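Worksheet for the structure shown next.
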Protein chains: 2
Amino acid sequence: MSIEEKKRLQRNDRVTIRTVATHAGVSVAAVSKVMRNAYGVSEALRARVTDAIEVLGYRPSRAARGLRGRSFTIGVLLIDIRNPFLPEVIAGVNGVLAPSHYQAMIGVSDARVQLETSLIESMIDYKMDGLILVAPRLPSDIIAKFAAQIPIVAVGYHDVGATAFDTVNADDQRGAEIAVEALLACGYRDIEMLSLGEREGHQVSVVRQREIGFRRAIQRAGLGSSAPITKIPIAPPKREETMRKFLSRKNRPRAVFCWSDLDAITLLSLAMEMGVRVPEDLAVVGYDNSSTAALGLVNLASIDQSGRELGQVATRTLISRIEGRTGAEHIFQMPSLVSRNSLTRSGKAPVT
Amino acid sequence: MSIEEKKRLQRNDRVTIRTVATHAGVSVAAVSKVMRNAYGVSEALRARVTDAIEVLGYRPSRAARGLRGRSFTIGVLLIDIRNPFLPEVIAGVNGVLAPSHYQAMIGVSDARVQLETSLIESMIDYKMDGLILVAPRLPSDIIAKFAAQIPIVAVGYHDVGATAFDTVNADDQRGAEIAVEALLACGYRDIEMLSLGEREGHQVSVVRQREIGFRRAIQRAGLGSSAPITKIPIAPPKREETMRKFLSRKNRPRAVFCWSDLDAITLLSLAMEMGVRVPEDLAVVGYDNSSTAALGLVNLASIDQSGRELGQVATRTLISRIEGRTGAEHIFQMPSLVSRNSLTRSGKAPVT
DNA sequence: CGTTATATGGAGAACGTTCTACAACTCGTC
DNA sequence: GACGAGTTGTAGAACGTTCTCCATATAACG
């Protein structure tokens with residue numbers, strides 16, 4: 001009877017916790033206990049159950065788990081999958097998660113608030129155990145409201161005042177300062193920043209933080225109180241146009257700090273096309289130290305904020321919150337300069 | 001009583017289908033019917049229910065849905081998030097899914113069979129509605145076994161014999177032929193291929209297909225029966241070393257077709273470092289037409305296989321299968337050449 | 001030997017949906 | 001006015017877990 005039932009189940013249907021229970025000759029509750037290694041199971045029982053699990057190839061249904069308890073999944077929300085910095089963060093997340101029983105599921109919002117919201121809601125509806133939001137666009141109070149329903153860590157989101165969720169960031173202000181200091185050390189005095197134009201004045205965004213650091217460093221060097229910042233529009237056709245205009249300006253600066261390698265590399269390409277020599281006519285420092293920047297053909301000096309490390313730290317922070325920590329943590333990491341030929345001919349930064 | 005209950009529920013807990021039902025004064029089943037717009041609901045009832053849903057801000061639990069019926073989620077499995085070709089595929093998937101009520105959740109396997117398997121299993125365990133596997137490493141029979149449990153479309157996986165799942169591919173054989181034909185048209189006769197060394201002889205992989213196309217084109221041109229193929233090891237340190245060795249070989253060919261822009265761009269960088277002029281000393285054609293290839297600094301001729309389109313087609317194919325189609329489809333798309341300076345000085349390919 | 005503490009296993013109620021089967025009601029139609 | 005057909009709504013059993021009691025067995029102790 002029990003054997004027949006077993007066979008029938010094995011032939012047709014999914015192996016459920018019930019299949020395992022009958023096979024091992026124990027109750028469903030016992031199997032569940034073993035799975036969650038909860039208190040109150042003898043060694044003998046545990047062995048019987050694990051054997052049955054092995055033999056039957058049982059995998060608990062995440063859907064059912066999510067309905068009642070934990071789902072052992074953490075959601076990662078990426079603003080954009082094309083910026084080569086973001087995959088690094090994912091690599092960090094996966095690295096930490098791999099040896100654990102957690103898994104990452106990724107959603108891509110394409111920088112659209114609408115989609116971002118609905119993805120976060122979906123992840124909550126899946127009863128995921130926690131969320132890592134990478135450079136989210138949503139305002140802080142909305143994120144806080146979500147954080148009441150699920151543990152959240154935001155990466156690349158400067159909001160040290162947040163009490164409902166944690167943040168993990170590179171110190172973007174300091175990163176910008178380091179870039180400017182390097183340019184100063186090379187003797188450049190006429191320095192401009194290429195930044196990203198964003199809809200709102202999102203103070204939390206990494207870009208705004210870099211602007212703040214840029215301004216501070218310029219002023220600290222006594223180079224006038226108005227640090228010039230050119231904003232690059234987000235729409236692709238205008239993007240190149242703005243850079244071309246910048247390169248052909250009569251009062252083009254001697255050096256430029258660009259908010260991201262993404263645009264810095266395009267700038268280098270356009271400079272080559274237009275006959276502007278780098279670094280002789282224009283020195284360039286980018287941000288992110290992406291793999292493309294390291295190519296011999298490109299050779300772009302850049303500020304390195306290890307995305308991988310950011311991902312690792314964010315994951316550990318999230319897990320500690322899932323496991324009961326309350327009270328927000330706000331973690332900062334120190335970026336560093338990677339000097340290359342776009343800074344000086346030799347590629348070496350002068351020692352300060 | 002009913003009002004009090006409503007209030008209590010609203011204050012504390014999640015808004016469930018039951019909350020909506022009591023609020024609208026109908027049964028749970030009725031609400032479910034409206035949600036799934038099933039047969040047998042009057043306009044009046046539908047209106048009452050949709051109103052209640054609106055007012056309460058009800059969102060069905062994906063976890064619970066998954067337990068019983070559809071979850072309206074499709075899983076995408078990426079082998080690697082760093083190759084800039086793959087995000088394009090995601091963009092295509094998201095584009096098709098956006099207006100629908102489906103959502104994509106992405107898993108990254110980092111080319112590890114172990115992780116790939118467990119991610120696929122997880123997605124099944126979440127009762128996702130279908131899977132898009134991008135360049136999976138798993139053998140065909142294993143995928144077929146999974147396909148018995150969930151609709152599957154494989155992208156970048158050449159297995160036209162598969163009956164259990166669909167495939168969507170660019171014609172990689174033809175792509176390689178086009179590359180060789182372009183090089184021939186430029187007058188180069190001494191052509192070699194840089195390919196990727198893989199553990200097994202995975203005939204299904206895009207790389208192998210490109211090798212087949214390369215060989216055929218070379219033989220068709222009457223250039224000897226043994227088309228020379230150099231394999232690049234997967235491990236990063238050896239990777240550069242192999243390319244350096246290739247570039248410094250005495251019998252280095254006049255032209256090279258590289259399996260992917262990823263390596264072609266590194267090759268260009270090394271060539272510059274080592275004083276090998278492109279295209280005067282060595283002409284190069286890559287594969288994927290990645291955004292980096294288009295940069296002025298790089299200017300790499302490449303075979304374009306629109307990843308975005310691949311993603312779109314795969315998604316439509318998957319949805320049609322989810323909605324009942326049986327019998328495998330195997331779809332091919334035609335790649336094309338994008339000529340740039342790594343092919344000829346002018347960047348234009350001669351007309352054949 | 002009776003009483004109490006402790007360790008182990010199980011019954012069964014959730015969780016929030018879907019969906020089958022059926023009840024109730026409205027029309028025609030003979 | 002009885003009967004079938006069609007329409008609209010509902011009750012309630014799944015789905016596969018988790019987890020709170022509760023029952024039983026064993027040990028400890030006076």
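Remember, predicted model here, so these are calculated numbers, not experimental data.
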Any chance you could list the contact pattern along nucleotides 13-19 of chain C? Use B for base contacts, S for sugar-phosphate-only contacts and - for none, protein heavy atoms under 4.0 Å, 5' to 3'. -BBBBBB

Does any part of the side chain of A:Y102, heavy atoms only, come nearer than 4.5 Å to the side chain of A:R70, both counted from C-beta? yes

Close side-chain approach of B:R46 to B:N37, heavy-atom, < 4.5 Å: yes

Using atom CZ of A:R62 as one end and atom P of D:dT18 as the other, report the distance to the nearest whole Å. 12 Å

Counting C-beta onward and ignoring hydrogens, is there a side-chain heavy-atom pair between A:S122 and B:T73 closer than 4.5 Å? no

Between B:L310 and B:F85, is any pair of side-chain heavy atoms under 4.5 Å apart? yes

Would you indicate, yes or no, if C:dA11 has its OP1 or OP2 atom less than 4.0 angstrom from a side-chain nitrogen or oxygen of A:S27? no

Taking A:H330 for the side chain and A:V160 for the main chain, is one N or O donor matched with an acceptor at less than 3.5 Å? yes

Only residue of A:L77, A:I81, A:L119, A:L115 satisfying side-chain contact (heavy atoms from CB on, under 4.5 Å) with A:V108 is A:I81

Atom-to-atom span, OH of A:Y39 to P of D:dT20 - whole angstrom: 15 Å

Output the rounded distance in Å from CZ (A:R48) to C1' (C:dT8). 12 Å

